[in-house]
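Here it is, the structure in full.
For ligands, and for the atoms within them, numbers begin at 1 and follow the listed sequence. Atoms considered below: every heavy atom in the structure, side chains included; atoms not considered: hydrogens, waters and symmetry mates. Since this is a predicted model, take the numbers as computed values, not measurements.
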Amino acid sequence: MFDAQKFIDQQVKKIGEDVKGRAIIAASGGVDSTVCAALVSRAMGDRLLAIYVDTGFMRKGETANVDKMLSRLGVNHRVVDASDEYFDALKGVTDPERKRKIIGEKFIRVFEREAKKFDASYLVQGTIAPDWIESGGGLRDTIKSHHNVGGLPADMNLKLVEPLRDLYKDEVRKVARALKMEVAEKQPFPGPALAIRVMGEPTRESVAIVREACAIAEEEIEKAAAAGKMKLPWQYFAVLLPVRSVGVQGDIRAYGYTIAVRAVDSVDAMSAVYAKIPHEVLESISTRITNTMKEKVNRVVYDITDKPPATIEWE
Ligand code: XMP
């Protein structure tokens, strides 16, 4: 039986003994990186800096929530607003793989810049067991010298600290609960965030539409689940389609965008089935989205495709 409290005590002691100097971590607000930041911060205090990069593609309220959560956990952190850089870099970019590549590279540049300012010699990463077992990694120490960490330049010479590397997701959640973190039950969210939930170029305007639609879909589904009308799906969100269609707003012909709502059940994301959400819940999502964004969205559809043949995300 995995004992979360024992794990926390052991890791804090080990990191305290082994890691001298300063360390940085990229905090995304997700379960793994937040648990890591909290653990390492207990051992290192302000010698750890958690860097949260606001790419401009975060969900509604996400940056403020992560900021508050890290403060409450006592983690020394910095929120970096890099959204102008991201929107600039993605001007005219519509291909999903190019979006991912540009977003990944930009992240490394921003993180590198901030890490250099802090003069860190360690990089903390929230790697968990499936991450390295799947990529064919052998046994490895928790703390290891590494020269090309996650694409960071070799001359930074960062040593890697991976306190969660022997844990599986359910164990990380247990640690999160033991640390009294509300992220313990968060649904999965892709690294490139809302940029890959806008089909086509991610602009401030298109991202704002999908951000609002995602927030509404999440709220309505969570409300219905809390009221016992349905089970909470494994993952649920909205996607902005690049097609416009004809509709009516009052007496006036409208020509607006379409939002696709997606909700799936899965165990490991390798396969998934679409969630059989009650029609009344779908209806409340649709009504709220079209009422809230009257001038922009006039059609909402529900994705009834499993994975395979589709993927969970649309890009
Ligand atoms: P797909 O769309 O491939 O997604 O069926 C499977 C799971 O992975 C998430 N996902 C990502 N997560 N970076 C991530 O960290 C990514 O680029 C990425 N793309 C997809 C997706 O949300 C789903 O849970």
Enumerated ligand 1 atoms positioned under 4.0 Å from heavy atoms of A269: 6 (C), 7 (C)
Consider ligand 1: state whether an atom of it lies below 4.0 angstrom from any non-hydrogen atom of F237. no
Between R22 and F118, is NZ or CZ placed under 6.0 angstrom from the six-membered ring centre and within 45° of the ring axis?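 Satisfied, under 6.0 Å and within 45°.
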If the cut-off is 4.0 Å to any non-hydrogen atom of P192, which atoms of ligand 1 fall inside it? 13 (N), 16 (C), 17 (O)
Does the cation-pi check pass for R197 over F237, that is, NZ or CZ under 6.0 Å from the six-membered ring centre and within 45° of its axis? yes
Are F87 and F57 near enough that their ring centres are under 6.0 Å apart?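 Yes, the ring of F87 comes within the 6.0 Å limit of the ring of F57, centre to centre.
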Protein non-hydrogen atoms only, distance under 4.0 Å: does atom 8 (O) of ligand 1 have such a neighbour? no
Can you list the ligand 1 atoms lying under 4.0 Å from a non-hydrogen atom of P188? 24 (O)
Which option wins on minimum heavy-atom distance to atom 14 (C) of ligand 1: P96, S266, G191, P308?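 Selected option, by shortest heavy-atom distance: G191.
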Indicate yes or no: does an N/O atom of W234 lie under 3.5 Å from an N/O atom of ligand 1? no
Would the number of heavy atoms belonging to other residues, nucleotides or ligands and lying under 6.0 Å from NZ of K13 be above 12? no
Identified side-chain contact (heavy atoms from CB on, under 4.5 Å) partner of V124 from the options L160, L48, L39: L48
Can you sort out which atoms of ligand 1 are near T311, meaning under 4.0 Å from one of its heavy atoms?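 Numbered from 1, ligand 1 contributes 1 (P), 2 (O), 5 (O).
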Under the ring-ring contact (aromatic ring centres under 6.0 Å, His included) test, residues paired with Y302 that sit two or more places apart: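 ring-ring contact (aromatic ring centres under 6.0 Å, His included) list for Y302, sorted by chain: empty.
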Numbering as shown, the atoms of ligand 1 that approach K307 to under 4.0 Å (heavy-atom distance): 1 (P), 3 (O), 5 (O), 6 (C)
